[in-house]
Amino acid sequence: MGKMGNGAATVLTFDFEDNRLLPLLFGERDQYLARIEKTLNVMIRARGNHIAVTGDAHQTEIAQAVLKRLYERLKKGLVVGNPDVDAALRMQSTFGGKAVSSFDPDLEVVIPARGRVISPRTPGQSQYIELMRNNDLVFGIGPAGTGKTYLAVARAVASLLSGQVNRIILSRPAVEAGERLGFLPGDLREKVDPYLRPLFDALYDMLPSEQVSKRISSGEIEIAPLAFMRGRTLTRAFVILDEAQNSTMAQMKMFLTRLGDGSKMVVTGDLTQIDLPSGVPSGLRHALDILELVPGIGFACFNDQDIVRHSLVTRIVKAYAGQQQQHP
């Protein structure tokens, strides 16, 4: 590895061991290198396994850290795509290029049934996964697209498959149906499916569909509206309450007090998307206020920098946030 100044520019050089991985690291027609160059305003040149990055000294170090992070991913047999390049850029830019290129295995969620390893793509996601690992109750708060629900379901599935818990319970407040479920046509499954569909989607991404169906039939996985949690004590379970901003204060207290021995709870929500009737306070907002100083509870607060969907989603969230500030 070498570094030499060239006027205002710095040239940072380093090598990779396995030439066979480099086409996957660079991308088709070097598209991943081009993405890194454009984002960091650097120039990357490769000759064999020898890499030279030219640009601002700080940015060249970030580029090196990004490439090494992606290379470590390939060495582990994982794929690299545009989302992974963007994730590495976000992570390394946040830590100023000082974060080592290798992944912290404790922050990876392994899904044996799919042969997948899910890694955090933003610093906020890293903190969230760490909090879920170390706390029995975690709140994940922030805008759409930050992975709040997806990562919670991933942790739940990994915990079930490894035997840490005996079942998964996924719940949402069905605000549109509320206590009016009886007025909807069809059986219970047909009634609640529209409100719980995002949880099903995350499950199907983690497990083969036949496993999801089998585990739901056996009771290992339960998906139900929040109202169905009343009166229960949930032991050795991984329990997720999604869209919690639409719970009432009474519902939130009821849910949180279901926590039993050997269980973990994750509560996710977006306080900018409250759909409760006017004048009804959000149980999530109330819980955050009164539980802030209670030991043993983790709080992960996401922002638009943690959005990992299409880049346009970040710009849309920022636009709406700006409009709300102008017209509260």
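All heavy atoms count here, side chains included; hydrogens, waters and symmetry mates do not.
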(message) If the threshold is 4.0 Å, N to carboxylate O, is there a salt bridge linking D86 and R35?
(response) yes
(message) Less than 3.5 Å apart, any donor N or O on the side chain of D306 or Y128 sitting next to an acceptor on the other?
(response) no
(message) Would you say that L234 contacts R167 through its side chain, given a criterion of any heavy-atom pair below 4.5 Å between the two side chains?
(response) yes
(request) Can you label the angle between the F14 ring and the F16 ring as parallel, tilted or perpendicular, going by 30° and 60°? (result) perpendicular
(request) Compare all side-chain heavy atoms of M206 with those of Y150 and state whether any distance is below 4.5 angstrom. (result) yes
(request) Could you tell me whether D289 atom CG has more than 12 heavy atoms of other residues or ligands within 6.0 Å of it? (result) yes
(message) Are the side chains of T39 and V66 in contact, using a 4.5 Å heavy-atom criterion?
(response) no
(message) Taking atom CG as the centre, does N19 end up with more than 12 heavy-atom neighbours from other residues, nucleotides or ligands that are less than 6.0 angstrom away?
(response) yes
(message) Can you confirm whether more than 12 heavy atoms, excluding those of R230, are under 6.0 Å from its CZ atom?
(response) no
(request) For a side-chain contact (heavy atoms from CB on, under 4.5 Å) with L241, tell me which candidate from M265, M252, Q251 qualifies. (result) M252
(request) Count the heavy atoms belonging to other residues, nucleotides or ligands that lie under 6.0 Å from CD of E210, then report whether that count exceeds 12. (result) yes
(message) Run the side chain to side chain contact (heavy atoms under 4.5 Å, CB included) test on F238 and Q164 for me, step by step, so that the C-alpha distance in whole Å, both residues' side-chain angles and the decisive distance to 0.1 Å come before the verdict.
(response) CA-CA 9 Å; F238 200 114; Q164 294 175 28; over 6 Å; no
(request) Sequence neighbours left out, what passes side-chain hydrogen bond (donor to acceptor under 3.5 Å, both in side chains) with S171? Give chain and number order. (result) none
(message) Looking only at the side chains, is there a donor atom on one of E243 and Q245 sitting less than 3.5 Å from an acceptor on the other?
(response) yes
(message) Counting C-beta onward and ignoring hydrogens, is there a side-chain heavy-atom pair between R285 and I274 closer than 4.5 Å?
(response) yes
(message) A side-chain contact here means heavy atoms from C-beta on lying under 4.5 Å apart; do I44 and F26 qualify?
(response) no
(message) Tell me the closest heavy-atom pair linking S247 and P173, and the distance in Å.
(response) N-CG, 3.9 Å
(message) Tell me whether R258 contacts the main-chain N or O of R232 through its side chain, where contact means a donor paired with an acceptor under 3.5 Å.
(response) yes
(request) Report yes if some heavy atom in the side chain of V266 is under 4.5 Å from a heavy atom in the side chain of R155; otherwise report no. (result) no
(message) So does A57 get a backbone contact from the side chain of T60, meaning a donor-acceptor N/O pair under 3.5 Å?
(response) yes
(request) List the steps, then state whether side chain to side chain contact (heavy atoms under 4.5 Å, CB included) holds for I36 with V53. (result) CA-CA 11 Å; I36 296 169; V53 185; over 6 Å; no
(request) Give a yes or no on whether M43 and L33 share a hydrophobic cluster (residues Ile, Leu, Val, Met, Phe, Trp, Tyr; joining criterion: side-chain heavy atoms under 4.5 Å apart). (result) no
(request) Answer yes or no: is there an ion pair linking R45 with E37, defined by an N-O contact shorter than 4.0 Å? (result) yes
(message) With a 4.5 Å cut-off on side-chain heavy atoms, are E220 and Q211 touching?
(response) no
(message) According to ring-ring contact (aromatic ring centres under 6.0 Å, His included), who are the partners of Y32, at least two apart in sequence or on a separate chain?
(response) none
